[in-house]
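To find a chain, count down the sequence lines: A is the first, B the second, and so on, and within it residues start at 1. Just so it is clear, the values below take in all heavy atoms, side chains as well, and ignore hydrogens, waters and symmetry mates.
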Amino acid sequence: MTTEQSPDVPPKPVADYRASLNLPKTGFDMKANLTQREPAILARWKTENLYQQIRARQHTRGKWVLHDGPPYANGDIHMGHLINKVLKDMVVKYRTMQGHDAPYVPGWDCHGLPIESAIQKELGPKMRELSAGEIRLRCRDYAMKYVKLQSESFERLGILGQFDKPYLTLDPAYEGGVLDVLGSLLQRELVFRQRKPVHWCTFDQTALAEAELEYSNKKDTSIFVKFTMDLNSGSWPAAWGTKPQHAHVLIWTTTPWTIPANRAVAVHPEHQYAVATYEHNGPQVLILAAKRIATVMLQAGIAHYRISDSITGADLIAAGISYTHPLESSRRQPIIPAEYVTLDDGTGLVHIAPGHGTEDYQTGRKAGLDVYCPVLADGRYDQSVPEFLRGQSIWQSNEPIVQHLAAAGLLFHRQEIQHSYPHCWRCRKATILRATEQWFVRAGGNSPLLQQAKTFIEEVQWIPAWGKNRIAGMLETRPDWCISRQRSWGVPIPAFFAPNGEILLTEKSVRRVADYVRQHGADSWYTHSPQQILGADQWVDTALTAEGTTVAEHPFHTHELRKGNDILDVWFESGASHHAVLEATHPELGYPANLYLEGSDQHRGWFQASLLEAAGYRDTPPFKQILTHGFIVDSHGHKMSKSQGNDIKVSDALKQNGADVLRLWVASVDYQDDMPCSKELLERTSDAYRKIRNTIRYLLGNLYDFDLQENQTVPQEHSIDTWMLGRLAAMTAEVHKAYNQYEFHKVFRALYDFCNVDISTIYAKAIKDRLYCELPNDPRRRASQSVCAKLLLYLVELCAPILVFTADEVCRITHDVPGLKAMFGDSIHTHTFSPPPQPVAPELLAHWETLMPLVQDGLKQLDALKKASGLGNPLDSEAVITVPPDHPMAGLMTNYGRELEDVLGAGFHRIIPGDKLAVEVIDTREKYPSCARSWKRRPDVGSVAEYPDLSARDAAVVKALSQTLVN
RNA sequence: GGGCUUGUAGCUCAGUUGGUUAGAGCGCGUCACUGAUAAUGACGAGGUCAAUGGUUCGAAUCCAUUCAGGCCCA
C-alpha cells in the first residue's frame, strides 16, 4: 500500500483506524474478463453435465416445452441467430427456474437447395457423373459440418440444451415422421397432382429453382397482337359509342412463342379502357387502356385516331365479350381480371398463357382456365398446336408465329427489344417457364385444411397480438401448396409410376415407405428397388391415372414400377416437426408445444407450414403461444447486410464483449420491433453490465462475515433497510410479471434501474457507515447485511436467465464464503426462484415517500455549498431537520433523523421544531472536529478521553474491539 | 404495388380511458471523493413527441395524408 502523499495534503492522523473497520472483501473480481472466464465456466458445465442435472432435478411444476425452429445448417451464425437463440434460452431458463421441466432440444434444417447448390458449386461439371445417392452423401457431410459448427457457437453463447442429441431433418426417424404427415394428408384426400409452370432449362431438360437463374440481357421480338373480338357475345358498352363491325383487343408480349398457349386476356378491374379508332384499309377499332393509347399509337406510327369515352376493366369484363384465339379460329376465350396488370408498358391488356407464366398461372387458376402447356421437355411443341408449329423448337418459332399473325392481319406492330431475361446458371442458355406435373396440398380456397387452420389460429395466443392478424391475412389469400421440387437433397415424395402412367401414392403406400425410411434412411429411396421398398411383388392399392381419376384395388407389379424423382418442399419437412420431433425423434417433449419463438418472417414460413400440416394431422394446434421478434437493423434503422458493410459479426462481438454482454443487449431491446445494433450500443450494454456486476460485487463484499443461519436480523422499522426491502418487493414483482409476458427489456430496465438507483445511489451509500464502522455483530449492521443478502439473492436469481455465466460465477463465489454456501445451492441453474419477499407495511413506505424529497433537497444544498465554499465531503456537513410539532411524522423524526443523515451522507444531524418539514445542510468544517475513524464531523468527537480523535460511537467500538483482542 | 408493422432527448425505453411547464436510466459536460477505486457520488445541458392537415375548449395520445424504416408477398 502506498503512503506517498502530495505535499499540500495534510499528514494523516497519528492513529490508523483502517484495520478496525469492516471493509468489503470478496473474491468476485471487478473486472469481468468474460472472454476468458466464460469458456472455463462452459467447460465446467460440460464436465458436470449441467443440462442433464437440470433434467434430473425435482421439478415442482409441470412440463413446459419451447419447440425450437430449425435454423438452416449452412454458414456461420449471424446476429439473427443470436437474437433468436438467446431469447429462447432466456425463456427456457426462466421457466426452469420457476420449477418447470423445460427441456430444450435444438434442431437443424438440413435439406434443401442452398446446400445442394453449394455442393454443385464445389463439384462443378463432375456433378453430372454422380448419382443422386452420391450427391446426397456429400450434402449430408456438408450439413453435418455446419450443424457442429453452429452448435458450438450456440453453446458458447451460454445456450443450454440437448446439443448431444439435437433433432435433424435428415435423421431417418425425422424423415419417417415427415412421410407420416404426408400419409395423413393423403388419407384425408388433401393431396393432388396438377400442372404448374416452373423455370425450365430446355438444354439440360431440368427444372430450375429461383436461385439457379442468372439474369442477363437478351434480344427478343416484342409484338402487339390484335385479338379479334366476338361481337356476337356479350354486350358492347354504351360508353364506347355504337357497336362497330369489327373490333380487336390489343395485347403486347415479348414471348411470341407463348401465343399458341394463350387462354385469356387479363385487364385490371380499376384501370380505364377505351376504344381507339383509325383508318387502315377501312376503319380499325382497338381496345386498350386509355392511358396507353398515345404511346402505343406513337410506337406504331399512327398519327390520326379517335378515342372514345373509357370504362373500367371491371365493366369491360362485365360486358362479357369473348375473343377468338389468334392461331385457332374455333377457340373463343374470355377477358378476365388480374390485379397485377400495370400501365407502365404494353397495352394494359395482358396475354395470359397459364402454362408459361407464374402470374398467368395464378390468374388462370382463379378464372378456372386450363393450365395448357404444349411445350415438351426439350423445348419442342407437341402435337396439340397448329400444324405449322408441331415439332418445332420454341427457340425458332418466334418468327414463323409473327409471320403467321401478320398474314392473318392480326399483327399490329413489332419491335426488337433488349431486356433482362433469366438464364440457366449451368449452361448459360435462356430458360423458359413450362408447366409440369407437380404435387399439391389442398390448402387454399375453401379447403377443409384451411378451415381447420383458421380455427387453430383462434386457439393460439399470438405475441405480439397483431401476429394473429398477419397470419390470418396470409391464410385468407393463400393458394394451394405446391410441395414438390425437382431436386435431390430432401425427403423424396415416394410416388411410384407404372409404365402406363398410373401413379401409386396413397396413405397405405406412403406409410409403408415411411417405415422403410425409418429403417434404412431416405437415401434408400435412391438405392433400393421398388420391390425392396414395397416389400412385395404385387401391391394392390388405389391408382391415380394420368387423367387424374382414381382406380381402386389396382394391382401394381412392383418390378415394373419406377420411383419418382421429386422431393418435398423443405418447408413441408420443417412444418412436420410437430409430429416428427415432438412425437417421433423426441417423444419426451410431447404434443403440443407451449411456445414457438421465431422471427416474424415465420408467419409465412414455419408457423404457417406447421399450422397447415397439424390441421391435416390432428384437431389441436401445435403450439399454445407464438412469439415473434423483429430483425436486426443498424443504428440508423436500416437492415444489416454484408454488402452495406454495416453488419456486425457475432464472433467479433463475442470477442469484444463476451456472451453475457451480448445476452444483456438482447434482453435490453424491445424485440417486437426491429432491433438496432451497433458497436456503440454494445459498448453501452457493456457499461450496464459493469454496473450490475459492481453492484453485486458491493453486496458480496459486505457479506464476507455474514452467516445466513446465524446473523439474520430483522431491520428496525424506520431504517433505510425497510425502504430497501419495499423496493425489492416491488422490483421482484415487476420483473416476474415482465418475464411471464416475455418482456425482457422491461426485466432489464427494472433490474438495471434497481442496481443503479435504488441500491447504488441510495442504499449502498446510506449503509456504509453502519457496515464499515459498527462492531461486526451490531444489530444495525447485521440488519443491513441481512438486506444485502436478500438483495444479492433476488438480484442474482432474476439476472440468471440473462447473465448465465455471471450468475454462475456469483454462485461459485458464495460457495467460498462459509456463511453464504446455502444461498443458491449447487448451481444457480438448477436452483429455483425464491418465494417473493415479504411486502413492507404501506405506512412505512409512505414515511419514506415524504422523506425522500428532503434528501433531494439536501443534495442540492450540498452542491451549492461545494460550489460556494469548496465543501467537498458531505461528511463535513450536518443536516438540520425542521419539523412542525403537529406534523404526523413529528414523533418519528428521532428515529428517522439518523437514517436521513446516512442517506444524505452527512456527518451529523439535528432535529429542531419549525414551520414545515424541511432540511438545511450546514458546513461544519469550522464547527465540529472530524472523527479519525468514521470521518464524520460531530460534536461528540473527543468526548471519550482515551480516544480524543474519535466520536463517541467509534471510541466505543474501538474499545470493544481492543478488549476482544486482549481476550 | 399489396398485407402486417415501427417512428418520443445522442442511445435504450416510460408515457394509464386525449387534460397543467413531456419522464427515467445511460451517454455527454462540469465538479467531488479516494474506505465499492480501471470503482463511487453530486450537479448540469439535451426533445416544435417523423412531417402536414383535421377532430376537440385541449392531442405525443384520436382521424387522414405524406415521409423514412422493417418483415412478407407481388
Considering only side-chain heavy atoms of [X], which listed nucleotide, [options], is closest?
X         : options                : value
Val757(A) : G25(B), C43(B), G35(B) : G25(B)
Arg684(A) : C71(B), C43(B), C26(B) : C26(B)
Leu23(A)  : C33(B), G35(B), C4(B)  : G35(B)
Val669(A) : C72(B), A36(B), C13(B) : C13(B)

Report the distance from atom CZ of Phe748(A) to atom C1' of A14(B), rounded to the nearest whole Å.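 Between C1' of A14(B) and CZ of Phe748(A): 14 Å.
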
Report the distance from atom CG of Asp687(A) to atom C1' of U12(B), rounded to the nearest whole Å.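 For the pair Asp687(A) CG and U12(B) C1', the rounded distance is 13 Å.
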
Rounding to the closest angstrom, what is the interatomic distance between [N] and [M] at atom [atom1]?
N      : M      : atom1 : result
A9(B)  : C4(B)  : C1'   : 29 Å
G10(B) : G47(B) : P     : 7 Å
A24(B) : G18(B) : C1'   : 23 Å
U17(B) : A39(B) : C1'   : 46 Å

Name all residues meeting the ring-ring contact (aromatic ring centres under 6.0 Å, His included) criterion together with [X]; count only those two or more places apart in sequence or in a different chain, and write none if there are none.
X         : value
Phe572(A) : Trp481(A)
His745(A) : none
His419(A) : Tyr421(A)

Cation over ring, Arg781(A) on Phe706(A), under 6.0 Å and within 45°?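 Output no; distance or angle outside limits.
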
I want to check one thing: is the phosphate of A14(B), taken as OP1 and OP2, less than 4.0 Å away from some side-chain N or O of His745(A)?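 Affirmative; the distance criterion is met.
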
Given that both distances must come in under 3.5 Å, which nucleotide forms a Watson-Crick or G-U wobble pair with A32(B)?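 Partner of A32(B): U40(B).
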
Glu680(A): which residues meet the salt bridge (Lys or Arg N to Asp or Glu O under 4.0 Å) condition with it, sequence neighbours left out?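 Checked Glu680(A) against salt bridge (Lys or Arg N to Asp or Glu O under 4.0 Å); matches are Arg684(A).
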
Base, sugar-phosphate or nothing for [X]? Non-hydrogen atoms, less than 4.0 Å.
X         : result
Arg693(A) : nothing
Glu680(A) : nothing
Arg749(A) : base
Asn702(A) : nothing
Pro874(A) : nothing
Gly872(A) : sugar-phosphate
Ala688(A) : nothing

Letter per nucleotide, 5' to 3', of nucleotides 64-70 of chain B [B base touched, S only sugar-phosphate touched, - untouched; heavy atoms, 4.0 Å]: -----BS

Contact pattern, 5' to 3', of nucleotides 37-42 of chain B - B, S or - by protein heavy atom under 4.0 Å: SSSSBB

Could you label the plane-to-plane angle of the His638(A) and His636(A) rings as parallel, tilted or perpendicular, counting under 30° as parallel and over 60° as perpendicular?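 Ring orientation of His638(A) relative to His636(A): perpendicular.
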
Taking the inter-plane angle between the rings of Phe607(A) and His603(A) on a 0 to 90° scale, is it parallel (under 30°), tilted (30 to 60°) or perpendicular (over 60°)?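 The rings of Phe607(A) and His603(A) stand perpendicular, inter-plane angle above 60°.
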
Regarding Asp949(A) and Tyr17(A), do their side chains bring together a donor and an acceptor under 3.5 Å, going by distance alone?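 Short answer, yes.
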
Which residue lies toward the 5' end of RNA chain B, Gly473(A) or Lys867(A), if each is placed at its nearest nucleotide?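 Per heavy-atom nearest nucleotide, the more 5' residue is Gly473(A).
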
Taking for each residue the nucleotide of RNA chain B with the nearest heavy atom, is it Leu871(A) or Asp601(A) whose nucleotide lies nearer the 5' end?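 Nearest-nucleotide comparison on RNA chain B picks Leu871(A).
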
Per the side chain to side chain contact (heavy atoms under 4.5 Å, CB included) rule, which among Asp902(A), Val903(A), Leu791(A) passes with Tyr763(A)?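 So, applying the side chain to side chain contact (heavy atoms under 4.5 Å, CB included) to Tyr763(A) and each of Asp902(A), Val903(A), Leu791(A), only Leu791(A) qualifies.
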
Should Tyr772(A) be counted as stacked on G35(B), where stacking needs a ring-centre gap under 5.5 Å and an angle between planes under 30 degrees?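 Base of G35(B): not stacked against Tyr772(A).
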
